[in-house]
Q: 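Structure incoming, see below.
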Amino acid sequence: MWRYCRTAEDSQKIAAINPRQNHKGNYMKYGYCRVSTVGQDLKEQEDALVALGVPKANIFKEKISGVIRSDDRPQFGKLLKMIQAGDELVVMKLDRLGRSTLDILTVIQNLRGQGIAITIEGVGTIRDDMMGSLTMNLLASFAEFERALIIDRTQSGRKTAMANGVRMGRKPKLSSQARDAIKRRYGSETGAALAKEYGIGLRTVQRVAAGG
């Protein structure tokens, strides 16, 4: 069955005539592509999206690091403002959607909740149906596993560092010499003057002077 796939330009014209008109019976196919560095090329992803039926005018692309959260990506933000219920978002890889499994899971959950289908090349289409729920459960399991790995690595790193004599936590703002000087000078000089000199608060001066 042939279905009309309108472009973003068509949508804007329709909205100008009747901003409350929905697109029941029609849908829009959007694409999103991203590379991490300025030197990388977006053309390969863009061409692949066009081959999958995404109109070139509906492809949002940006060069931004994968460590940036999905909701902090300017072009992805524009896409989310335009896409509507019944539409479809196509990406070439799962990691284009977010920086971690948890971030990706959040993005997909939000889109599914709006009635938007998400197609990932090599994975399939995730819709708000039984198969989509199964896929989401699998992603949630991966996200939980990823969190557990991060916690385990962090704890292992801390243990190794402490075993090697590394002190954890913030470095003290005052050296032992500075603390001794404050104790010696406090009383003959005002706490406010000492606080200004050492770049600390008055309460810190008073605590150090008291032996804290």
Side-chain angles (χ1 to χ4, degrees), residues 30 32-42 45 60-83 89 91 93-114 116 118 136-212:
Y30 290 94
Y32 175 72
C33 52
R34 176 187 62 79
V35 291
S36 298
T37 63
V38 176
Q40 291 178 301
D41 191 8
L42 288 158
Q45 290 182 55
F60 291 75
K61 48 191 177 181
E62 57 192 337
K63 296 185 178 184
I64 192 167
S65 172
V67 302
I68 305 298
R69 283 176 57 88
S70 56
D71 50 8
D72 290 328
R73 299 176 185 177
Q75 289 302 311
F76 194 67
K78 288 180 181 178
L79 166 61
L80 294 180
K81 287 179 182 177
M82 184 172 287
I83 200 165
L89 172 61
V91 292
K93 289 183 180 179
L94 189 62
D95 63 3
R96 301 302 90 181
L97 289 175
R99 67 173 183 174
S100 65
T101 307
L102 182 59
D103 192 22
I104 293 166
L105 182 65
T106 302
V107 170
I108 295 176
Q109 282 176 330
N110 289 339
L111 290 171
R112 284 182 74 228
Q114 297 173 54
I116 296 163
I118 308 97
M136 294 302 292
N137 288 336
L138 289 172
L139 283 173
S141 297
F142 283 126
E144 187 61 38
F145 180 65
E146 186 177 65
R147 279 196 297 269
L149 279 178
I150 291 169
I151 292 169
D152 183 63
R153 286 170 184 164
T154 302
Q155 291 177 343
S156 296
R158 287 174 62 89
K159 287 177 182 178
T160 302
M162 291 174 72
N164 291 331
V166 177
R167 293 184 64 182
M168 306 306 292
R170 286 192 307 176
K171 289 184 178 180
K173 198 165 187 178
L174 293 170
S175 65
S176 58
Q177 292 88 346
R179 297 175 75 87
D180 289 341
I182 289 172
K183 290 176 183 177
R184 186 176 66 253
R185 294 164 59 186
Y186 186 75
S188 59
E189 298 180 48
T190 65
L194 290 170
K196 185 175 181 181
E197 180 180 341
Y198 288 98
I200 56 177
L202 178 58
R203 287 189 178 182
T204 303
V205 171
Q206 292 169 339
R207 187 170 63 250
V208 171

Q: Do Y32 and Q75 have side-chain N/O donor and acceptor atoms under 3.5 Å apart?
A: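 Per modelled atom types, Y32 and Q75 side chains form no pair under 3.5 Å.
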
Q: Does any part of the side chain of L94, heavy atoms only, come nearer than 4.5 Å to the side chain of I108, both counted from C-beta?
A: yes

Q: Within this structure, what is the NZ-CD1 distance for the pair K93 and I104, rounded to the nearest 0.5 Å?
A: 12.0 Å

Q: Rounded to the nearest 0.5 Å, what separates atom CG in L80 from atom CG in L111?
A: 6.0 Å

Q: Just by modelled atom types, is the I118 backbone N or O under 3.5 Å from a matching donor or acceptor in the R112 side chain?
A: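 Side chain of R112 to backbone of I118: no pair is present.
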
Q: Hey, does L97 have a side-chain heavy atom less than 4.5 Å from the side chain of L89?
A: yes

Q: Side-chain contact, heavy-atom cut-off 4.5 Å: T204 with Y198?
A: no

Q: Could you check whether any side-chain N or O of K63 sits under 3.5 Å from a backbone N or O of Q40, counting only pairs where one atom can act as donor and the other as acceptor?
A: yes

Q: According to salt bridge (charged side-chain N to carboxylate O under 4.0 Å, His left out), who are the partners of R73, at least two apart in sequence or on a separate chain?
A: none

Q: Do the non-hydrogen side-chain atoms of I200 and V205 ever get within less than 4.5 Å of each other?
A: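 Contact flag for I200/V205 side chains = yes.
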
Q: Do you know which two heavy atoms are closest between C33 and Q45, and how far apart they sit?
A: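 For C33 versus Q45, the nearest heavy atoms are CB-OE1, 3.1 Å.
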
Q: Which side-chain N or O atoms in residues 187-195 pair as donor and acceptor under 3.5 Å with protein atoms at least two apart or in another chain?
A:
from : atom 1 : to   : atom 2 : distance (Å)
S188 : OG     : R185 : O      : 2.8
E189 : OE1    : R185 : NH2    : 2.9
E189 : OE2    : R185 : NE     : 2.8
E189 : OE2    : R185 : NH2    : 3.4
T190 : OG1    : A193 : N      : 3.1

Q: Taking all atoms of both residues into account, what is the closest heavy-atom pair of I182 and A209, and its distance?
A: CG2-N, 4.5 Å

Q: Thinking salt bridges, do D71 and R69 make one under a 4.0 Å N-O criterion?
A: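 Yes.
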
Q: Tell me whether R96 contacts the main-chain N or O of R34 through its side chain, where contact means a donor paired with an acceptor under 3.5 Å.
A: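 It does hold such a pair.
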
Q: Please report the interatomic distance CZ(F60) to NZ(K78), rounded to the nearest 0.5 Å.
A: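 Rounded to the nearest 0.5 Å, the CZ-NZ separation comes to 8.0 Å.
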
Q: Nearest heavy-atom pair of P74 and D72: which atoms, and what distance?
A: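 Looks like CD-O, 3.5 Å.
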
